[in-house]
Enquirer: 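Would you mind keeping the following structure in view while I ask a few things?
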Amino acid sequence: MDKLYKTIDREKIKQREKVLQLKKENGETLGNLFGMRIALEDSISTKEMLTSVGAKMLENYIPPFDATIVEKVLDEDAIVTGKIDIREFGVGKKIDSNLGRVLKEDGADVSIGGDTSGEIRIEAVESGLYGLKPTYGSISRYGVIGSAPSLEQVGIISKDVETMKKVFYTISGKDKKDSTTFNRKDIELKGIDKIKIGVPKEYLKDLDEALQKEMDKTLEEFKKLGCSIDYITIPSAKYASSIYNILQAAEFSSDMGKFDGVFYGYRTKGHLDNEDFFKQNRTKGLSIDVKKKIMFGNFVLSKDNYEDYYEKSQKIRTLIKDEVNKRFEQYDIILSPIVGEDINYTVIANIVGTPEISLPSIYEKEKFGIGIMGKSSNEELLFKLALNYEEKILNSKEEGGKDE
Amino acid sequence: MSKEYETVIGLEVHVELKTKSKIFCSCEVDFGGEPNTHCCPICIGLPGTLPTLNEKVVEYAIKAGVSTNCEITRRGKQDRKNYFYPDSGKAYQISQNELPICHGGYLDIESEDGQKRIGITRIHIEEDAGKLVHDPELGTLIDYNRGGVPLIEIVSEPDFRSEHEVKAYLQKLRTIMIYIDVSDAKMNEGSFRCDVNLSIREKGEEKFGVRAEIKNLNSFNSIMRAIEYERKRQIKAIESGETLVQETRGYDDEKRITYSMREKEDATDYRYFPDPDLMPIVIDEDTIEKIIKNLPELPDTRKRMYMDKYGLSAYDAEQIVSSKKSADYFQECVELVKSPKILANILIGEIFGLSTSDEFDIEISPQDLGELVRFLEDGTINNNSAKQIIKLMNETQKTAKEIIKEKNLEQINSREILEPLINGIISQSQKAVEEYQAGKEKALQSIIGKIMKETKGRANPEMSKTILEEKLKK
Ligand SMILES: [Zn+2]
């Protein structure tokens with residue numbers, strides 16, 4: 001099981017368990033996440049523990065500080081089990097992510113990682129688990145080495161909804177080290193039979209048979225719970241992945257500039273001057289996939305292309321936001337399929353900043369799932385619907401056997 | 001016939017703000033500490049760290065803006081300026097490109113070339129970079145203490161036509177920064193830095209010439225010299241048919257020349273874009289009003305008051321307000337004397353020259369100077385002795401009263417003492433007497449000179465003159 005981790009220190013875990021045990025025996029107040037085993041993506045800074053972000057550039061990098069979310073889970077008596085590998089800086093060659101597998105094989109109770117285009121939700125779906133990409137700004141990104149600051153939020157993968165909820169409430173909130181964060185306020189909750197679900201027609205085109213069946217079944221079950229279902233349109237959604245590619249590359253290219261080998265990270269020997277030093281470190285320390293992204297980002301930010309690419313993408317982003325928020329005036333939930341590798345279904349929540357929970361499939365666990373997206377700051381309603389899904393739809397189905 | 005040229009100059013001034021902490025982290029802003037003792041993961045830009053804006057920086061920028069007649073934006077944003085150089089840990093500087101805190105201001109200046117209004121294009125906030133130290137043995141080292149120190153950049157319109165105008169503007173701008181207490185504005189320590197953009201065009205031409213940006217200027221003198229040199233260089237190039245290139249030039253203070261550092265600048269693409277880690281800067285009316293209300297008196301306000309209330313000339317008033325210290329000094333003294341004009345003359349003529357630095361650093365207390373001026377006013381001493389006394393006050397820290405007594409410098413105001421003395425001098429100055437009586441007024445001065453010499457400068461000059469005139473008319 002340890003091989004699912006990039007870094008794991010059994011000795012440290014044991015020590016931590018002992019400390020917590022003692023705390024319990026001494027009758028001290030126990031934290032919200034007492035004894036919960038949390039696996040972290042290797043993009044989250046951990047003091048005294050390697051944080052490589054899948055990169056040769058950071059193969060020996062040990063941050064001198066903990067990310068805010070790490071401080072928070074430790075304060076609440078959780079156990080950080082170790083670090084799970086990620087593709088190089090989140091954009092390099094695809095690797096098998098173990099954020100979900102480590103939960104399935106019971107190497108941890110919860111996984112935490114970055115969600116920039118749907119990674120956490122897709123990973124959860126592919127492992128038959130629950131995934132949350134919360135409202136932008138609800139969880140501090142301080143210490144998270146991300147690939148696009150305006151799109152990324154820290155996400156949570158869990159085996160059940162209650163655990164996800166608990167972790168979310170523990171790690172969310174205003175962090176004075178991250179000025180994009182805020183203290184969220186729960187929006188008034190409504191009964192499950194008052195929930196209005198909108199399903200964008202755009203997402204229903206060309207679904208394969210199995211996924212169509214899944215969608216039909218899910219909607220039928222939600223209807224049974226009393227939710228209303230309508231078909232809606234979000235015309236600009238079709239631009240989502242295109243503008244994502246542009247905005248992500250732009251922010252990424254700038255964020256990546258710091259990896260030059262001066263203060264930390266991979267550095268070569270025998271350079272001619274400053275410029276040569278940078279060149280060599282970056283040439284040898286970064287992969288071709290990362291370089292391509294940087295080049296593309298530089299291209300869209302360059303003076304001649306800024307207006308046509310970066311600025312236009314920002315305008316379309318605003319358009320998509322407006323359209324989605326308009327739908328939320330009438331609907332509480334926008335529901336869509338989630339299919340691995342197709343960010344089209346998931347990236348819209350990153351572009352708009354809205355929260356989304358991915359639900360595991362009823363029929364074909366680990367192949368696809370269902371996304372329920374809510375208004376900004378309305379995680380509470382998502383949890384409620386997800387809990388109903390878990391208890392009344394999924395578990396009852398399982399009890400009744402997989403085949404109908 | 002040789003053509004007439006015009007020098008067109010615009011300035012970019014960087015002012016280091018004296019906030020307690022840096023612009024994006026809680027590190028202390030402190031100069032002269034051991035290298036790399038005032039930095040943290042944020043200001044060296046470790047992966048995953050995020051900037052959070054120090055609100056004081058915005059407040060200080062607004063202060064600078066309202067003191068230079070600028071409009072204040074209600075919604076600003078911060079942009080990343082991407083570049084590779086080891087003085088930045090992030091490979092970008094957080095600055096403001098599109099929406100600076102202040103824009104559209106001006107300063108009225110008074111220089112040898114007359115009065116003029118200089119436009120201020122914008123004032124924006126940004127972070128300072130670290131310092132590279134080149135060590136012959138260890139190679140290039142980086143001191144990050146300065147990295148993340150808040151700056152405002154004040155960009156002027158290309159309104160200057162001479163180095164005198166530049167100097168007057170910089171002095172005034174610097175004084176204002178000190179008045180409003182946002183910076184120490186010390187040129188030699190780098191807390192007030194100026195880049196000069198200079199181009200040449202034929203007189204009457206509307207189009208701008210090819211400009212050079214001159215950097216590494218760390219005193220008023222080097223700025224003046226660099227402008228002079230660069231103007232000559234460009235004119236020479238134009239006249240010999242050379243094509244000037246837009247470039248960045250450094251200034252070598254020893255050789256007193258400018259030299260090409262790199263060609264630029266449209267070639268450098270900083271790929272500006274809004275920093276996604278920071279929220280827009282929202283400034284409301286109340287904030288601005290509060291800042292205006294609490295703003296200290298600015299040099300121009302004081303200058304007008306000195307002219308209206310104390311009857312000083314514009315030139316004298318300008319001189320006195322040119323440093324906050326000297327203006328504060330004047331204000332303390334003026335309460336103790338009857339004639340602000342005499343005080344101003346003494347201050348400008350005698351005291352300014354005693355200052356040991358650019359700042360008005362004077363050993364004589366305002367109370368002691370006030371006393372001296374009162375002695376002048378009531379005739380206890382004359383101007384001549386006043387000069388001597390001030391010199392001694394500065395050297396010995398004694399009061400005017402003590403020095404007058406010690407050195408016996410009291411003015412001789414008694415007719416009984418002066419008359420016999422003058423009689424004697426007349427008899428020794430037959431030639432001058434004849435000349436005077438022949439209508440040559442000037443000759444009288446040489447006789448008065450002799451009287452002053454005889455009395456070691458203590459004779460009351462007016463009284464001596466009156467006596468002399470009486471005697472020679474007879
Ligand atoms: Zn710092």
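Just so it is clear: chains get the letters A, B, ... in the order the sequence lines come, proteins before strands, and each one is counted from 1.
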Enquirer: Taking all atoms of both residues into account, what is the closest heavy-atom pair of A/Y142 and B/P41, and its distance?
Expert: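 The pair with the smallest heavy-atom distance is OH-CB, 4.4 Å.
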Enquirer: Do you know the tightest heavy-atom contact between B/G45 and A/Y264?
Expert: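 Smallest heavy-atom distance, with atoms named: O-OH, 3.8 Å.
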Enquirer: Calculate, to the nearest 0.5 Å, the distance between atoms CG and CG belonging to A/D175 and B/L50 respectively.
Expert: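 Here the interatomic distance stands at 8.5 Å.
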Enquirer: Distance only, no hydrogens: is a donor on one side chain within 3.5 Å (strictly under) of an acceptor on the other, for A/S302 and B/D269?
Expert: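 Side-chain D/A pair, A/S302 to B/D269: absent.
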Enquirer: Could you measure the distance from the CZ atom of A/F299 to the CZ atom of B/R271? Nearest 0.5 Å is fine.
Expert: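 Nearest 0.5 Å value for the CZ-CZ distance: 13.0 Å.
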Enquirer: Report the distance from atom CG of A/D260 to atom OH of B/Y85, rounding to the nearest 0.5 Å.
Expert: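 Between A/D260 CG and B/Y85 OH, I get 13.0 Å after rounding to 0.5 Å.
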Enquirer: Please rank A/S45, A/A67, A/S179 by heavy-atom pairs under 4.5 Å with chain B and give me the top one.
Expert: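 Heavy-atom pairs under 4.5 Å are most numerous for A/S179.
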Enquirer: Under 4.5 Å from any heavy atom of chain A, what part of B/I142 do you find: side chain, backbone, both or neither?
Expert: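 Just its side chain gets close to chain A.
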Enquirer: Is A/D255 salt-bridged to B/R80, going by a charged N under 4.0 Å from an acidic O?
Expert: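 B/R80 and A/D255: salt-bridged.
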Enquirer: With a 4.5 angstrom heavy-atom cut-off, could you sort out which part of B/P47 is near chain A: side chain, backbone, both or neither?
Expert: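 For B/P47, the contact with chain A is made by backbone and side chain together.
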Enquirer: Counting only heavy atoms closer than 4.5 Å, note whether B/D277 contacts chain A via side chain, backbone, both or neither.
Expert: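 Contact with chain A: backbone and side chain both.
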Enquirer: Would A/Y306 and B/Y272 satisfy side-chain contact (heavy atoms from CB on, under 4.5 Å), going step by step from the backbone distance to the final call?
Expert: CA-CA 9 Å; A/Y306 185 85; B/Y272 280 105; 6.0 Å; no
Enquirer: How many angstroms lie between CZ in A/R141 and OG1 in B/T49, if you round to the nearest 0.5 Å?
Expert: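 Reported value, rounded in 0.5 Å steps: 11.0 Å.
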Enquirer: Hey, what do you get for OG (B/S88) to NZ (A/K258), rounding to the nearest 0.5 Å?
Expert: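 These two atoms lie 9.0 Å from each other.
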Enquirer: Please classify the contact of B/F84 with chain A as side chain, backbone, both or neither, using a heavy-atom distance under 4.5 Å.
Expert: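 Contact with chain A involves both backbone and side-chain atoms of B/F84.
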Enquirer: What is the minimum heavy-atom distance between B/P276 and A/T180, and which atoms define it?
Expert: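 So the two residues come closest at O-CG2, 3.9 Å.
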